[in-house]
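On a predicted model such as this, the values are computed, not experimentally measured, just so you know.
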Amino acid sequence: MTSPSELLDTSPTRAIGYMCIAADTDPVEIAQLREGISAYAAGKGLHLLDVLIDTSGAGTSAFAELIEALREQDASVVIVPAITHLARFPGLQQALIGLLKDARALVMEIVPQVIPLQHDGGQL
């Protein structure tokens, strides 16, 4: 049976975008990636709260901010342009996906990779 509070909650699922870019990435490309995340969220009916950006080799901590934001802002989806924005190596990708899962988040990638990653026996 559905509770009255569930009937009243019609707000879309909250999402946070995340990408990791090279320090020399063209600002136009960054804007295109950000717009791609925003359009993807809108197309899926998600409420995009923010897009966090790590810069490779710059010592930024957007991934740590992402974990904190998922908990504080009650977001349950992380949108990445491609899974390689989490990490380049499959083992590290799986470790970071595990951290996001621990934060109760589903990872959605805009451009799925050719080789599907396994996560708890299923595909992302």
Side-chain angles (χ1 to χ4, degrees):
M1 180 169 192
T2 305
S3 72
S5 63
E6 289 175 319
L7 291 174
L8 296 175
D9 187 11
T10 59
S11 59
T13 301
R14 295 174 175 210
I16 299 173
Y18 174 82
M19 59 180 147
C20 184
I21 58 169
D24 62 350
T25 302
D26 183 348
V28 172
E29 184 179 348
I30 296 169
Q32 290 171 339
L33 288 168
R34 186 183 294 271
E35 178 57 35
I37 289 171
S38 180
Y40 183 85
K44 296 289 185 183
L46 302 169
H47 175 68
L48 184 64
L49 299 172
D50 200 357
V51 177
L52 301 174
I53 303 173
D54 261 327
T55 303
S56 181
T60 56
S61 61
F63 190 83
E65 291 176 42
L66 174 63
I67 297 294
E68 186 176 324
L70 287 167
R71 292 185 176 129
E72 291 180 357
Q73 298 180 30
D74 197 30
S76 59
V77 174
V78 174
I79 302 171
V80 294
I83 204 71
T84 54
H85 279 260
L86 290 177
R88 292 181 189 227
F89 302 106
L92 190 51
Q93 290 168 358
Q94 292 301 314
L96 295 179
I97 289 169
L99 290 173
L100 293 169
K101 181 183 173 195
D102 289 346
R104 301 178 196 268
L106 170 68
V107 178
M108 299 177 85
E109 57 182 327
I110 296 172
V111 181
Q113 300 300 295
V114 176
I115 302 170
L117 299 173
Q118 295 297 313
H119 184 56
D120 287 344
Q123 293 183 349
L124 289 177

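- Side-chain N or O atoms of Glu109 include none that pairs as donor or acceptor with a backbone N or O of Pro81 at under 3.5 Å.
- Contact check for Ile97 versus Ile83: side-chain heavy atoms found under the 4.5 Å cut-off.
- Residues passing the side chain to side chain contact (heavy atoms under 4.5 Å, CB included) test with Arg104: none are found, sequence neighbours excluded.
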With a 3.5 Å cut-off and sequence neighbours excluded, list the donor-acceptor pairs that the side chains of residues 20-27 form with protein atoms.
| residue | atom | partner | partner atom | Å |
| --- | --- | --- | --- | --- |
| Thr25 | OG1 | Ala22 | N | 3.1 |
| Thr25 | OG1 | Ala22 | O | 2.8 |
| Asp26 | OD1 | Val28 | N | 3.0 |

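- Of all heavy-atom pairs between Ala75 and Leu49, the closest is CB-CD1, 4.0 Å.
- Distance check, rounded to the nearest 0.5 Å: CE of Met19 to CD1 of Ile53 gives 3.5 Å.
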Could you list the donor-acceptor pairs under 3.5 angstrom formed by side chains in residues 29-46, with sequence neighbours left out?
none

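- With sequence neighbours excluded, the residues forming a side chain to side chain contact (heavy atoms under 4.5 Å, CB included) with Glu65 are Leu52, Ser61, listed by chain and number.
- Atom NZ of Lys101 sits about 15.0 Å away from atom CG of Leu96, to the nearest 0.5 Å.
- Closest heavy-atom contact between Asp54 and Ala62: OD1-N, 2.7 Å.
- Contact detail for Leu48 and Gly17: the closest heavy-atom pair is CD1-N, 3.5 Å.
- Here ring pair (Phe, Tyr, Trp, His ring centres under 6.0 Å) pairs that include residues 63-82, with residues two or more places apart or in two chains, are Tyr18-Phe63.
- The stretch residues 81-107 participates, sequence neighbours left out, in no ring pair (Phe, Tyr, Trp, His ring centres under 6.0 Å) pair at all.
- Interatomic distance, CG of Leu86 versus CG of Leu100, reported as 6.0 Å (0.5 Å rounding).
- Taking CD1 of Ile16 as the reference point, atom CG of Leu70 lies at 4.5 Å (rounded to 0.5 Å).
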